[in-house]
Protein chains: 2
Amino acid sequence: MTQPAGVLTEERILEAAEDVLRRYGPAKATVVDVAKALGISHGSVYRHFPNKLALRDAVARRWLARIAEPLDPAGDPDGPAAQRLLRWLQRLAAIKHGMALEDPELFATFCQLTTEAREVAAEHVDHLAAQLTEIVADGVAAGEFVAADPVRAGRAVLHATARFHHPLHAAEWQDPAIQDDLLEVWTLLIQGLGVRP
Amino acid sequence: MTQPAGVLTEERILEAAEDVLRRYGPAKATVVDVAKALGISHGSVYRHFPNKLALRDAVARRWLARIAEPLDPAGDPDGPAAQRLLRWLQRLAAIKHGMALEDPELFATFCQLTTEAREVAAEHVDHLAAQLTEIVADGVAAGEFVAADPVRAGRAVLHATARFHHPLHAAEWQDPAIQDDLLEVWTLLIQGLGVRP
DNA sequence: CAGCTGACAGATTTCAATATTTGTCAGTCA
DNA sequence: TGACTGACAAATATTGAAATCTGTCAGCTG
């Protein structure tokens with residue numbers, strides 16, 4: 001429980017906080033627990049974070065950044081934009097669905113944390129939308145897509161696929177048809193109702 | 001509290017149950033309350049509904065039917081399918097957003113009831129998807145849309161617009177930009193990324 | 001003196017006793 | 001006879017006293 005010293009950095013506090021949240025869940029995790037895990041008094045934690053909420057927000061931010069990082073379109077630059085878009089959506093869905101299936105309790109913790117940290121979640125949404133914008137813009141540059149405003153189009157794609165990545169819909173991910181549903185929505189988005197296939 | 005007799009019909013019990021749910025909320029509403037409102041003993045309620053859950057499901061079913069009814073595409077048969085689709089989506093959104101804004105407590109009751117009654121909610125989703133399918137099929141018949149399978153397309157449109165009508169997203173409806181977001185998604189769905197405007 | 005401790009007040013949570021509710025069923029009543 | 005009652009057991013919810021937690025700060029320590 002008492003960890004050998006080293007400097008007390010925000011990083012180390014976050015590490016411990018994440019651990020405690022994992023172990024006890026969001027309802028039971030206390031600042032005292034975090035301090036105990038670090039072998040310090042809980043007062044010290046307040047030297048680095050103004051309050052418990054800020055600490056939680058910081059944990060949520062790290063968590064979400066870790067999700068967005070491997071999705072960066074720069075990591076998958078080849079092929080038609082339509083296909084890259086599909087791969088991006090499927091990867092995002094796979095990450096979330098994986099979390100939800102493998103460790104439902106941890107996922108619940110994650111959900112609660114992120115829905116409470118509205119600001120942080122909004123940043124994350126912006127980040128994801130920006131990644132989609134990049135793909136759409138590439139598609140436009142390649143003459144593959146027509147989009148007057150790739151920024152708005154990127155956001156619209158994210159919104160249209162909320163059911164497949166928004167944690168609120170986690171319960172629906174149990175249904176194996178969810179994969180097909182995503183494909184179907186993607187098809188609509190790409191082709192539009194007005195285009196011959 | 002004690003209502004004059006008349007025959008004790010399921011209809012009257014549902015009426016009373018809905019009233020009690022409205023008044024007390026889902027957490028406090030008891031079968032005893034419902035019986036009291038009808039001036040009967042709570043045992044009598046169990047003569048018509050096997051248990052409390054079935055009673056709640058029945059209330060939820062009525063509630064959802066009342067939402068779906070005015071949306072019937074047969075009530076708005078004129079104009080291009082794309083416009084009818086937009087009107088349908090906007091009407092659905094307006095109904096839900098209106099409930100959420102005007103009487104948040106009642107809406108919360110409604111949400112809890114429907115998320116607990118998974119079966120009933122699924123029926124409702126099917127019902128809405130069928131209405132969308134109708135519009136899409138009309139569009140295809142008129143040569144306005146191309147959709148290999150209007151049933152799947154209808155479902156896809158409903159899924160793609162979940163953010164705008166699914167009660168889970170109610171918190172996001174506070175943002176006035178939600179109207180524009182819907183328009184944007186609709187545009188994508190109708191035009192597709194691949195069509196010149 | 002910068003970084004930490006630990007005692008403290010007020011807010012929040014826990015826990016166990018107490019009360020209410022659900023669902024059943026033998027019996028009443030018209 | 002068939003619709004209804006009301007007493008009952010088991011499950012669930014409420015309550016309030018006790019315990020814990022959050023956030024502060026005066027003072028310690030290296």
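We name chains A, B, ... by the order of the sequence lines, and we start the count at 1 in each one. Being a predicted model, the structure only gives us computed values, none of them experimental. Only heavy atoms go into these numbers, but all of them, side chains included; no hydrogens, no water, no symmetry mates.
A 6.0 Å sphere centred on CZ of B/R155 holds no more than 12 heavy atoms belonging to other residues, nucleotides or ligands. Around atom CD of A/Q179, no more than 12 heavy atoms belonging to other residues, nucleotides or ligands sit under 6.0 Å away.
Remark on DNA chain C: of its neighbouring residues A/H48 and A/A27, the 5'-side contact belongs to A/H48, judged by nearest-heavy-atom nucleotide.
Ring centroids of A/H169 and A/H97 are separated by 6.0 Å or more, keeping the two rings apart.
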Enumerate all atom pairs, one protein N or O and one N or O from nucleotides 21-30 of chain C, separated by less than 3.5 Å.
unit_1	atom_1	unit_2	atom_2	d
C/dT22	OP1	B/V31	N	3.1
C/dT22	OP1	B/K52	NZ	2.8
C/dT22	OP2	B/V31	N	3.1
C/dG23	OP2	B/Y46	OH	2.9
C/dG23	OP2	B/K52	N	2.8
C/dG23	N7	B/H42	NE2	3.2
C/dG23	O6	B/H42	NE2	3.1

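Donor-acceptor pairing under 3.5 Å is lacking for the side chains of A/H166 and A/H159.
Distances shorter than 4.0 Å separate none of the side-chain N or O atoms of B/S44 from OP1 or OP2 on D/dC4.
One distance of note links CD of A/Q131 with CG of A/L158; it measures 10.0 Å at 0.5 Å rounding.
Residue A/K36 contributes atom NZ, which lies 14 Å from atom P of C/dT5 at whole-angstrom precision. Between the OH atom of A/Y24 and the C1' atom of D/dC21 there is a distance of 14 Å, rounded to whole Å.
None of B/R12, B/R61, B/R23, B/R66 except one satisfies the salt bridge (charged side-chain N to carboxylate O under 4.0 Å, His left out) rule with B/E18; the exception is B/R66.
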